[in-house]
> 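Could you have a look at this structure, given as structure tokens, before my questions?
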Amino acid sequence: MKPAAFDYVRAESLDEALEVLRTEGSDARIIAGGQSLMPMLNMRLARPRVLVDIMHLEELRKIEVQRGRIAVGAAVRQAELLEWPPLRRELKLLSLALPWTGHAQTRSRGTICGSVAHADPSAEIPLTLLALGGDIVLRSAKRLRRVAARDFFLGMMVTDRNDDELIEAVQFPAADGRRCAFREVARRHGDFAIVACAAVATDRGVRLAVGGVADIPVAREFDARVGDALEDALNAFAWDLDARDDLHATARYRRDLVRMIGRELITEVMQ
Amino acid sequence: MTRLSAEQRHRVRFTLNGDAVDRNCEPRLLLSDFVRHEIGATGTHVGCEHGVCGACTVTIDGRPARACLTLALQVEGCEIRTVEGLSDKQGRLGVLQSAFRRNHALQCGFCTAGILMSLDALFAQNRQAGETEIRDVLTGHLCRCTGYAPIVKAAMEAAAEMREETRREVADA
Amino acid sequence: MNLSATAGAPTGRPWIGQSIPRVEDPALLSGRARFIDDVGVRPGALHAAILRSPHAHARIVSIDAAAARQARGVVAVLTGEDIKALTASLVVGVKAPLECWPIAIGRVRYAGEPVAIVVAESRYLAEDAIDLIDAQYEALPAVVDPVRAMSAGSTLLHEGFPNNIASDRSFKYGDPDRAFAEAKRIVTVSIRYPRNSCTPIETYGVVAEYDPGEQAYDVLANFQGPFSIHAVLSRALKVPGNRLRLRTPPDSGGSFGVKQGVFPYIVLVAAAARATGRPVKWIEDRLEHLTASVSATNRATTLRAAVADDGRILALDWDQVEDCGAHLRAPEPATLYRMHGNLTGAYDIPHVAVRNRVVVTNKMPTGLNRGFGGPQVYFALERLIQRIAVELTLDPVEVISRNLVPANAFPYRTVTGALLDSGDYQTALARAVDEGGLAELKARRDKARAEGRIYGIGFAAVVEPSVSNMGYITTVLTAAERRKAGPKNGAQATATVSIDPVGSVSVHVASVPQGQGHRTVLAQVVADVLGLTPGDIRVNAEIDTAKDAWSIASGNYASRFAPAVAGTAKIAAERLAGRLARVAAAGLNTESDDIILAGGFARSRRNPDNRLPFSRIAALSHWSPGALPDDVGHTIRETAFWTPPELTPPDEQDRVNSSLCYGFIFDFCGIEIDRVTLQPRIDRYVTMHDCGTILHPAMVDGQVRGGFAQALGAALYEEYAYTPDGSFLSGTFADYLVPTVAEVPEPLILHMQTPSPFTPLGSKGVGEGNCMSTPVCIANAVADALGVADVELPLLPARLAETVRGAEAAAPPGKHNTPKGDRRLSGKGGARVAAAPEQVWSMLLDPATLAAVIPGCRGVKRISDTDFKADVTIGVGPVKGDYRARVTLSDLDRPNAVTLTGTLDGALGFGFGKGRITLAPAADGGTSVHYRYEAEIGGKVASIGGRLLDGAARVIIGQFFSSLARQAGATAAESKITAAWSRLCRWLGGRR
């Protein structure tokens, strides 16, 4: 379990990193905290020709609040964001979900953007970003673009990021007092979610986002329905996710959790 | 731009338990292999190399981290601590280590180094850490021998002892 | 003179029985311990990596290692044939015409089986070369279910095992036929015990060297014994035993039986050392360990009981089908026979019938694992007890109590031959019920149920055997075969106590500790005998077969340390003490009967002031042997060998005393099942142990807690899971779920001490008991909670959904459930193409089209009009690999439909897919293309990336079909993902 050989670039500027991506394309991988990439390197599932380490770039280490959005730079570690004093106030949902992301020993290295880039369907950070209606800021040597989270995740570990782009930051809309709730079921504490649910109050009702079931995190809007109407809507949502059996759970069990936890969270957020 | 080529060894400098390290390694060398086989600090153990078991946990700039999920080149300029740094050169055990011994919180001892480093980092960061925080940080470690209960007990005893020490120091000052 | 009664700590209180701090700890706590990967190797030592089979069952067509041999730092690449030329087959434990190799020869029989070994200058370089080996396989049907493996027409693993059955023996003890014929009630359970392993955190390690001058091997391995395996190894390496020096490192990172299984790798690495003429080191990685080290057996058991109305069991009828995996490796089928004397558990049952079948399947071979046969037996037996209680509407405690061996019956001979040495099971049970608060627990259950919560209580009573009879495994042979093979029995333990020229005492044993603290306990035992402190005694527990006293029973297994090894150290120390007393008596002008060793002195009992320092007496043999009394000889070193006479060979009626001593455990627990997550949560767990005399209470509790945690894992989380086609699914710690601190509650541990009359210290083993009692105790509680008869381990919450909730809410119209348990990938999709069907059809059959649409394709070779080969690179996210692809077109229905069959194989695994494409003319002159596919994936990627695999495969297959559609001129081509897939995503995403 040793990585295959790769070149290593310790980027001294963002342009340098982008230049490697421009010339090497998919043969280059950005390494930030490395907590998703390193296991894949050790198992030789990933065999990039060059790794670009962006953790020394001060401009990516920022957490910025601007115009109701909180931008988290690519080099911000999960632990750093967890310790960011305004987190509970500005991003309550994330403050609820982050402790479920890995363990203290991986959050200390892993970055927020790295988790988004990896696009694991069970991961809490992409789920939260989707639930809050956040954006991903992608930069290449040529241009800067912003993609909504709902358009970014395309499939299992597949995103809208082009090979020459890196995630410069992700932007979360600030909570502005909206109610939210988070709940996750995993086999053991810290495991990848079998089902993770995040709910956020919206102007029309509640947005419920579910991770761990479909190949991407998926969000749906629920209006102020209650009772049977809500049950039916949740049931339809649960079935639409195309859950599957795997080693740790069955499709039916996942749908059960979506229905039950979904109802619980929606009720909690609507109160 | 400096591109460090795959098959050559490149200079890396950091501190390990307070001592300066200035050596060379290939880009793909894991920090776990570097401290164990290049430096000879074999107290850090390797149990899974995919970040789950926690045996290889060291602290990087005061935070617990998996040495198996870290490249040696990534810790350029960092301060690394391993289990070897917990006791003095005469081998006298520190508060946490003594509590582990007193409570039989280890059997084979293979996972212990990582657990000690996680707890050491926790206590350094949070003197008030109680059972909830201790248990939370311990979920990042697998132990096959002890059933965990004596580990939790040892950690809580050590935390209490350290708090008492701090209190005395404050009182004395 | 009775030294143990008079010697002891200065306070007069013996060291034995005290929880003194462990001598092992300071090194372990400060990073100075020496595990196998911590000890240096000679300059020039090489590192090995192993290429392993991605297939569960396949013929090896070819292995091309030319590129690997040329790779940087590579010294050798050895395949099965190379190893075969240097070694002999491993001994197989049953009489059958077949061989057993540590590496595949011509055929692979389980996913993960070694296929080639690379020896290079570093592990990194060795792994690089592994990637360059081109092994080609022809897949064969695989079988993973032991019952199915026996059926006619099942694929055959070994010619020498007809119907995959390695052994089929039936036994009758007493008159079970009559008992069943006359029985009022018959209660039956059918269980499947799953596969799991105690998986130590340190993996296997071997460092081997060969000296051609002496034609001798020197091997350092974290092997745990039994050292009967040394004979297997020397035979396989084709050297006499004295030319295989096997050593162990000072520390080992846990074993729990598992490190017995390193032995095939010792052969492999030693042969590689011989082939290269250099020392070779191999440290197993975690993926290798989970895939291909060793597993406990899985077992299918039907157990019937003839039962009286009051719950008394009159007879048992066991039918056990034991699954030993792909090879019957030594000492298997020992897992099945270890419990043979104990098939009646803790109960007094006069009649027993047994049928034991040992079966091979396409899974990892099995071997030692904590509990060794106990979990499998007690899962059936104690589930049976619970069912008897339910079916006869009796209290389970009543059923247990009524059947327990009576307290006045010890030593008690079970009908299958075990001689239960001592115990008072009724008292243990009564104390546990009382001190463990069963009444209160029942009140909690009643309250919980009244509140609509799901709550149950489970029980288990277990006899825990320790100190295996080295002859028990011969019960697999018939009496006639045993007569021919010669007797096998006993269990030699050894210990050496020696005194150096300054009179300090050292102890050496061959117990090969794996973290339990043997050195501490031995210091206590010997300090008590010699009147010293444990700090005065230095214990060495490394083994070197070239220098140390050892025998086949040496090692760390069958919970033999406390009953056998510690007792043997006591015997050795007592012999020395007896001679030291004579030396002291001469010096103190008294008789040896008057001498006691205490407080660091040899002194007169009558006149305590008449004394000499221990060290002075002890050193005399070195400095002045002439001054010793004539009959003393010397006091420099004493090696004791001890084997208990009770361990006799199986008799003519196949009765066997399979172990020397038998502890007793009674457990009960309360479990609540969460209504939402269905996760069973242990509310309280009580475990009562009688393991005879306790030598170190904290260590005993440590063994109980550790065994409990592993058993909890086996009951709730851990499984070595395989697909029906033999792909392994639990290859990482993300899928093989070892419980963490968050999952393991602390049990209430209770003790009773009924000393064993058969062991020198009165102690019995204690390390394995909870692995036997806890899984079934938990299962019984869950059965009680849910009111169900069948409980399958591990208790995956998802499996309980139907039981707890009944049928699921119906799908909305248009939605279909995927077939239950079907983990094949399937999908369908479609696209509208501008070209006419005939045009699309010609494209489909054009290799240029395939080259364009197969993701990452680097050139297509046409083998025939309908058969193509290609090299492809496929990537999903960061996961990228090179594969060989083969595509065949069949069922051609020009221009309407065609079937595409594709296979892929590469370093990350293999895949097989079949898709039917239909073309229908569309109104606008274009074509409607529809496809439907099914696929299966196996190999490395299946075992380590299972969670992500299906989704990733869907991405790849989607890419294939979408680019096919695009190539054919689809109007709305999607760049990253299939059109159908992304439509789905958009729809699910709501507002996209």
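Quick note on labels: first sequence line is chain A, next is B, and so on, each numbered from 1.
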> Which bit of A/V52 comes within less than 4.5 Å of chain B, counting heavy atoms only: side chain, backbone, both or neither?
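Neither part.
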> Checking B/D136 against chain A: side chain, backbone, both or neither under 4.5 Å from a heavy atom?
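Contact with chain A is through the side chain of B/D136 alone.
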> To the nearest 0.5 Å, what is the distance between CE (A/M55) and CD (B/E76)?
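That separation rounds to 15.0 Å.
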> Could you state the interatomic distance from NE2 (A/H189) to CZ (B/R135), rounded to the nearest 0.5 Å?
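So the gap between those two atoms works out to 12.0 Å.
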> Of the backbone (N, CA, C, O) and the side chain (C-beta and beyond), which part of B/Q8 lies under 4.5 Å from a heavy atom of chain A, both, or neither?
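For B/Q8, there is no contact with chain A at all, as no heavy atom is under 4.5 Å.
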> Pair B/L30, A/M38 - check side chain to side chain contact (heavy atoms under 4.5 Å, CB included), show working.
CA-CA 9 Å; B/L30 302 176; A/M38 284 302 300; 3.4 Å; yes
> In terms of heavy-atom proximity below 4.5 Å to chain A, should B/L69 be classed as side chain, backbone, both, or neither?
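Both parts, backbone and side chain.
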> Pair A/E83, B/Q125 - check side chain to side chain contact (heavy atoms under 4.5 Å, CB included), show working.
CA-CA 12 Å; A/E83 290 160 13; B/Q125 200 182 23; 3.1 Å; yes
> Taking side chain as everything from C-beta outward and backbone as N, CA, C, O, which of these in B/T57 sits under 4.5 Å from a heavy atom of chain A? Side chain, backbone, both or neither.
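Just the side chain, heavy atoms under 4.5 Å.
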> Using non-hydrogen atoms only, which part of B/T70 is less than 4.5 Å away from chain A: side chain, backbone, both, or neither?
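Interface part for B/T70: both.
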> Checking an interface table here. Which of residues 85-104 of chain A come within a heavy-atom distance under 4.5 Å of chain B?
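Residues of residues 85-104 of chain A touching chain B at under 4.5 Å: A/H103, A/A104.
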> Can you tell which part of A/A11 gets under 4.5 Å to a heavy atom of chain B, answering side chain, backbone, both or neither?
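Neither the backbone nor the side chain of A/A11 comes within 4.5 Å of chain B.
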> Is B/V46 in contact with chain A via its backbone, its side chain, both, or neither, using a 4.5 Å heavy-atom distance?
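Contact with chain A involves no heavy atom of B/V46 at all.
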> Which members of residues 138-162 of chain B, sorted by number, sit under 4.5 angstrom from chain A on a heavy-atom basis?
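Answer by number: B/T139, B/G140, B/H141, B/L142.
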> With a 4.5 angstrom heavy-atom cut-off, could you sort out which part of B/I60 is near chain A: side chain, backbone, both or neither?
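Interface part for B/I60: side chain.
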> Using 0.5 Å steps for rounding, measure from the CG atom of A/D53 to the CG atom of B/L73.
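Between atom CG of A/D53 and atom CG of B/L73 there are 9.0 Å.
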> Could you tell me the separation between the CZ atom of B/R66 and the CZ atom of A/R109, rounded to the nearest 0.5 Å?
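B/R66 CZ to A/R109 CZ: 12.5 Å, rounded to 0.5 Å.
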> Which pairs count as salt bridge (Lys or Arg N to Asp or Glu O under 4.0 Å) when at least one residue sits in residues 81-93 of chain B, sequence neighbours excluded?
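Listed once each, the pairs are B/R81-B/D120, B/D88-B/R92.
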> Could you name the residues of residues 12-27 of chain B that have a heavy atom within less than 4.5 Å of a heavy atom in chain A?
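So far as heavy atoms go, B/P27 are the residues that approach chain A to under 4.5 Å.
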> Which bit of B/E133 is near chain A, if near means a heavy-atom gap under 4.5 Å: side chain, backbone, both or neither?
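No part of B/E133 comes within 4.5 Å of chain A.
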